[in-house]
Protein chains: 2
Amino acid sequence: MAATETLTAERILEATEEVLRRHGPAKATVVDVARALGVSHGSVYRHFRTKAALREAVTKRWLDRTSEALDGIAGDASRDAETRLRDWLAALFTAKRRKAGDDPELFATYSVLAGEQVGAVAEHIDELTEQLTRIVADGVASGLFRSDDPGVSARAVFQATGRFHDPVHAGEWDTPEADADFEAAVSLLLRGLRA
Amino acid sequence: MAATETLTAERILEATEEVLRRHGPAKATVVDVARALGVSHGSVYRHFRTKAALREAVTKRWLDRTSEALDGIAGDASRDAETRLRDWLAALFTAKRRKAGDDPELFATYSVLAGEQVGAVAEHIDELTEQLTRIVADGVASGLFRSDDPGVSARAVFQATGRFHDPVHAGEWDTPEADADFEAAVSLLLRGLRA
DNA sequence: CGAATGACAGATTTCAATATCTGTCATTCC
DNA sequence: GGAATGACAGATATTGAAATCTGTCATTCG
C-alpha cells in the first residue's frame, strides 16, 4: 500500500495537485499534503525547502504540459509556416479554453499559482516564444514570411494574441464573438508577416 | 462657503473622487462622501439611488476623459490614416502609462472601479473602437489600407494592443522592453492593414 | 546512518462579537 | 412644498482572541 512506498518528490507533487484540486490555492496547506500521504509535514520539508518551492514545482509541471503539446506543431517541418502558425495559435487557444471551461475551479487555482510564480511563468513564455520564433524563422527561410528579426516578430505575435491565451482574459473566452475575434486577429497578424 | 451652496450631482461626484483618492475603493463609503460635503448621507441618496450608481457615475466621468483626448487624433482629417493610427495608439499607451506611473494608488482605485462597472467599460471600449474604425475606414477610402470590414479590423487592432492599454497589464508598462514591444506590435499590425 | 517524527516559536488564518455602513422613510426645516 | 435630516433594520466590515500553519531541529526509528 501507499504508506509503505518510498516518499519521493514525485509522489509529493501528485499529492499536492490533489490537495490543490480539493481545497483550492488559499486553503491548501503543507499539513494537508502530509496528511494525504500519511506522513508528518516535516517529511515533506525534507524534499521541498519551503511551501513556495513546492508550489513552484507543481506550477512548472503544469506549464510544461502545455509547452510539450505545442512543441509538436512548431517542429512539424512537413507543413508550411502559415498553416503551422495558424494551428499553433489555435491549439493554444483551444487548450486554454478547454481547461478553463471544463474545470473552472482548477483553472482558477493554477491561475493563482501562476500569479505567484512569476519566474516560472516567464520561463514558460520564453519557451512558447521560442517555438513561435522557429515557425516564423522557417517561414522567412522558405520565402513565405518577411521579418527583420523572427524573434521580435514572434514576440509581437505572442503578445498580440494575449487575449486568447493569457488567463487574465479567461472570462472573455466563451463569449459569442470569441471565435470571430480570434480569426480576425490571426488573419491580420498573418497578413503582417507575409512577404 | 461650501455648506451654503446647493447640493448638486456634480458636487457629489467631485467629493466622491476626493474620498476615493484619500480612502481607496474598499474603504470609501457614502457616509464619508456625505461627511466631506457637510451633509447627511440621506441627501446623497437623493441624487444617486445606490452606492453602485454613484461609483458608476464617477467611473464614466473618468473614462470619458480618455475618450475625449483621443477623439481629436481620430478625427484629424489633415493627416494620413497610418500616421493617425500610430499616433492614436501611442497616445493611448502614453496616457495610460503616465496615469499608472504618476499616481499608482489612484490608478489602482480606478482599475477596481472599472472591474465593477463592466457595462460602463464596455461602452467606453465601444467608443474607442468607433474612433479606430473611423481611422481604418479613412485609410481604406484613401487607398492606404485594405480591409474587408474596417469595424472588424479596428476591433482586432484594439484587442491585439490590449497589453498596452488594458489596466490588467499595467505592471508590464515600465519594463525596459515596453517601448520596443509596442513599436513591434504597431509595425506588424500596420503591415497587416496596408494595401 | 539516513529517513522520519513531532514538539516548538513565530507568523498567518479563522471566527464570532462588535461596529459601521447601506438604503428607507417618517419627520423637520426653510 | 421641496430639500434635508437622522433613526432604523438588515447587510457588511472590523477586530482581536483562539486556532492553525510554516519552518526548524533535537530525538527516534529501522
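Lettering of chains follows the sequences in order, A, B, ..., and the numbering in each one begins at 1. Because the structure is a prediction, the values reported are computed rather than measured.
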With A:W62 via ring-ring contact (aromatic ring centres under 6.0 Å, His included) - residues at least two apart: A:Y110

Test log, rule salt bridge (charged side-chain N to carboxylate O under 4.0 Å, His left out), inputs B:E17 and B:R61: CA-CA 10 Å; B:E17 276 197 322; B:R61 228 166 165 247; 3.2 Å; yes

For A:F164, the option from A:F182, A:F158, A:W173 that meets ring-ring contact (aromatic ring centres under 6.0 Å, His included): A:F182

Rounded distance (Å) that lies between atom C1' of C:dA4 and atom CD1 of A:I12: 12 Å

Please output the side-chain donor-acceptor pairs of residues 42-49 of chain A that fall under 3.5 Å, not counting sequence neighbours, one pair per line with the distance.
{"residue": "A:S43", "atom": "OG", "partner": "A:S40", "partner atom": "OG", "Å": "3.4"}
{"residue": "A:H47", "atom": "ND1", "partner": "A:S43", "partner atom": "O", "Å": "3.4"}
{"residue": "A:H47", "atom": "NE2", "partner": "A:L7", "partner atom": "O", "Å": "3.0"}

Show each protein N/O and nucleotides 19-27 of chain D N/O combination with a separation under 3.5 Å, one pair to a line.
{"residue": "D:dT22", "atom": "OP1", "partner": "A:V30", "partner atom": "N", "Å": "3.1"}
{"residue": "D:dT22", "atom": "OP1", "partner": "A:K51", "partner atom": "NZ", "Å": "3.1"}
{"residue": "D:dT22", "atom": "OP2", "partner": "A:V30", "partner atom": "N", "Å": "3.1"}
{"residue": "D:dT22", "atom": "OP2", "partner": "A:V31", "partner atom": "N", "Å": "3.4"}
{"residue": "D:dG23", "atom": "OP2", "partner": "A:Y45", "partner atom": "OH", "Å": "3.0"}
{"residue": "D:dG23", "atom": "OP2", "partner": "A:K51", "partner atom": "N", "Å": "2.6"}
{"residue": "D:dG23", "atom": "N7", "partner": "A:H41", "partner atom": "NE2", "Å": "3.3"}
{"residue": "D:dG23", "atom": "O6", "partner": "A:H41", "partner atom": "NE2", "Å": "2.9"}

Interatomic distance, B:L37 CG vs D:dA4 C1' [rounded to whole Å]: 13 Å

Pairwise 5' ranking along DNA chain D for B:L7 and B:A26, keeping only the more 5' one: B:L7

Atom pair distance, as rounded to whole Å: NE2 in B:H47 and C1' in D:dG2: 12 Å

Salt bridge flag under 4.0 Å for residues B:D32 and B:R22: no

Below 4.0 Å: OP1/OP2 of D:dA4 and any side-chain N or O of B:S43: no

Charged N-O contact under 4.0 Å between A:D71 and A:R134: yes

